[in-house]
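Single-structure report; data block below.
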Number of protein chains: 2
Amino acid sequence: MDEADFAIVRRNMLFRNIDEALAREMVGDRTPRPLRKGQVLFLQGDLIDSLHIVVAGWIKLYRATEDGTDTVVAVNGPGQSFGEAAALLGIPAHAGAEAAADSRILTLDAERLRSRLTADPDLAFPILASASMHLRVMVEELEQLKSLPATRRIAGFLADLAGPVKGAIEVVFPYEKTLIAGRLGMTPESFSRGLAKLRDLGVGVDRERVSISRVETLRRMARGEE
Amino acid sequence: MDEADFAIVRRNMLFRNIDEALAREMVGDRTPRPLRKGQVLFLQGDLIDSLHIVVAGWIKLYRATEDGTDTVVAVNGPGQSFGEAAALLGIPAHAGAEAAADSRILTLDAERLRSRLTADPDLAFPILASASMHLRVMVEELEQLKSLPATRRIAGFLADLAGPVKGAIEVVFPYEKTLIAGRLGMTPESFSRGLAKLRDLGVGVDRERVSISRVETLRRMARGEE
DNA sequence: CGACGAGTTGACGAAACTCAAGAGTCGTGG
DNA sequence: CCACGACTCTTGAGTTTCGTCAACTCGTCG
């Protein structure tokens, strides 16, 4: 496997705080698998025997509601993993996974990791850390959905995209706006209108390119201080 | 510790699938601590050295937003645990914990559990299962918040309260309506009005007592099948 | 070229929040 | 023992936000 790819895998919670040698051994000779946009990795309810790490692209996790519509639960990018718990515990996946863009993902055999775990109990902590991080992300998402109006959630999304910089910056939407809207818990129309509202705060949108004049303005707005 | 209390602790994910002997040993001589309503267990950002299991009462987890308001993240009842990840990993608590009613909670020393874990790697699975369950609950909450209007979320809450029964049943709100409203992501006013709307579907509310004429009606409504 | 999908915009209606007032409970203290 | 205040909950009125439906633009790709 590519060194660049390995570096991305290493950013994952599971591989971040372990020895380089152990990390390489866990990956073994596995190599990232290419996925075309729209391709389904597994469905909600499937029993999956491997955990997945995104090396490139974006994988959306979604849940089907009874009335036919889907709800986006998460969108995972490079370095992020999913399906750990379902794979390691052998329980049905709680959400379906589908490529939201052309992607490359690495799959690790759960059985192998499980036996590794009994041999080296310290491995339990990275796994727990990974699960904990997933939980925290969800909690934050839930919190924002409950406490912030749509426009502020968009501001927060843009601020996250921009990263910890100050001042002006140009960012690119990582995936389709419709999907972003779903992830933020709103309709595409509302997302579009929300972006329009942010124009006054120095946000210019052209296609998937976004120019932000002052990131800290957005960040303050997302926090609810404004 | 009381046998009845122990039975409740055993319902927890951490203790459900392990030997009775091991469970008793993990609890050791710890005994549930009484908490009065309003008492704070720990604050968001605290480093906590023990994980908590509710034996009686209700503990709410909440996050403070910058503008002063709190957002309810979860409300844990008998048999439920929280703070595992923060305690075991030694990272700051992601939410604060406060008794929403007079309660009794059992606290287990994280350091002890950690050493237990390195000695017996199989213990990693119950811990992972616990974390996974928390995550799943959050995902479902997120899903409902995104996809269902307020009244349906209330219907779902009532259906959950009623359990897997059929027909008519009387239930009691486990904690204050204001808190329920927060947990469901709405204002107390909306919750009150939502309950009023459900009157037509055979839901009668008197104080904290609720009479439901047909549970399956509520359940169908909550699913989005209407 | 034409079909399709993504995105934007407008108009409208429904849902939910805010502000405000009032009823009922409970605990406290005179 | 009663009066008061604090608190929870409900209800009303008004406003905002958001979703729905629909039309239209603009790329992309056969």
Side-chain angles (χ1 to χ4, degrees), chain A residues 36-38 58 60 65 67-72 75 98 100-102 144-155 157 172-199 203-210 221 224 226, chain B residues 36-38 58 60 65 67-72 75 98-102 144-155 157 172-200 203-210 221 224 226:
Chain A
R36 264 191 296 279
K37 175 178 171 181
W58 298 92
K60 79 167 174 190
T65 42
D67 64 352
T69 61
D70 285 350
T71 309
V72 179
V75 183
E98 179 186 315
D102 290 343
Q144 288 175 8
L145 201 55
K146 279 183 176 176
S147 65
L148 299 181
T151 311
R152 282 189 181 170
R153 297 204 298 277
I154 297 174
F157 181 82
V172 174
F173 286 131
Y175 34 84
E176 288 165 356
K177 289 178 185 170
T178 304
L179 182 55
I180 300 178
R183 187 176 133 12
L184 295 177
M186 66 188 76
T187 61
E189 293 96 325
S190 290
F191 181 67
S192 188
R193 285 186 240 270
L195 280 177
K197 272 192 196 170
L198 290 178
R199 260 202 291 265
V203 175
V205 179
D206 176 48
R207 294 244 171 277
E208 74 275 353
R209 306 176 54 82
V210 184
M221 182 182 188
E226 204 249 343
Chain B
R36 265 191 293 280
K37 176 179 171 180
W58 298 91
K60 78 167 174 192
T65 40
D67 65 352
T69 61
D70 285 350
T71 309
V72 180
V75 182
E98 179 187 314
D102 292 342
Q144 288 175 7
L145 202 54
K146 278 183 177 177
S147 65
L148 299 181
T151 311
R152 283 188 179 169
R153 297 203 300 276
I154 298 174
F157 182 81
V172 175
F173 286 132
Y175 34 83
E176 289 165 355
K177 290 179 185 169
T178 304
L179 182 55
I180 299 177
R183 188 174 130 18
L184 296 177
M186 65 188 76
T187 60
E189 291 97 324
S190 290
F191 181 68
S192 187
R193 285 187 239 270
L195 279 178
K197 272 191 196 170
L198 291 178
R199 260 200 292 265
D200 304 338
V203 175
V205 179
D206 176 48
R207 295 243 174 282
E208 74 274 353
R209 304 176 55 81
V210 184
M221 182 182 188
E226 217 247 337

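These numbers come from the heavy atoms of this one structure, side chains and all, not from hydrogens, waters or symmetry mates. Just so we're clear, the structure is a prediction, and the values are computed from it rather than from any experiment. Note on naming: letters A, B, ... go to the chains in the order of the sequence lines (proteins, then strands), and numbering restarts at 1 for each one.
- With rounding to whole Å, A:K197 atom NZ is found 5 Å from D:dT17 atom P.
- Using a 4.5 Å heavy-atom threshold, the side chains of A:Y175 and A:R183 count as touching.
- At whole-Å resolution of the value, CD1 in B:I180 and C1' in D:dC9 are 12 Å apart.
- If you measure from atom CG of B:L195 to atom P of C:dA15, you get 16 Å, rounded to the nearest angstrom.
- Per the geometry, CZ belonging to B:R207 stands 15 Å off P belonging to C:dA23, to the nearest Å.
- Looking at the side chain of A:T178, the nearest of the listed nucleotides C:dA6, D:dG27, D:dT20 is C:dA6.
- Regarding contacts with the backbone of C:dA16, every side-chain N or O of B:S190 stays at 4.0 angstrom or more from both OP1 and OP2.
- The base of C:dG7 is not paired with the side chain of A:R193 by any donor and acceptor separated by under 3.5 Å.
- Put simply, the side chain of A:T151 does not reach to within 4.5 Å of the side chain of A:M186, judged on heavy atoms.
- For the pair A:L195/A:S192, no side-chain contact is recorded, criterion being any heavy-atom separation below 4.5 Å from C-beta on.
- Atom CZ in A:F191 sits roughly 18 Å away from atom P in D:dT17 (whole-Å rounding).
- At the heavy-atom level, A:P188 lies nowhere under 4.0 Å from the strands shown.
- When atom types are taken as modelled, the side chain of B:R209 and the backbone of B:F173 share no donor-acceptor pair closer than 3.5 angstrom.
- Between the CG atom of B:L198 and the P atom of D:dT10 there is a distance of 13 Å, given to the nearest Å.
- Between A:T65 and A:D70, every side-chain heavy-atom pair lies at or beyond the 4.5 Å cut-off.
- The nearest whole Å value for the distance from the CE atom in B:M186 to the C1' atom in C:dA15 is 11 Å.
- Residue A:T187 places at least one side-chain N or O closer than 4.0 Å to OP1 or OP2 of D:dG19.
- Distance from the side chain of B:S192 is smallest for D:dT11 among the nucleotides D:dT11, C:dA15, C:dG7.
- The NZ-P distance, from A:K177 to C:dG5, rounds to 19 Å in whole Å.
- With DNA chain D read from its 5' end, the first of the two nearest nucleotides for A:A150 and B:E189 is the one closest to B:E189.
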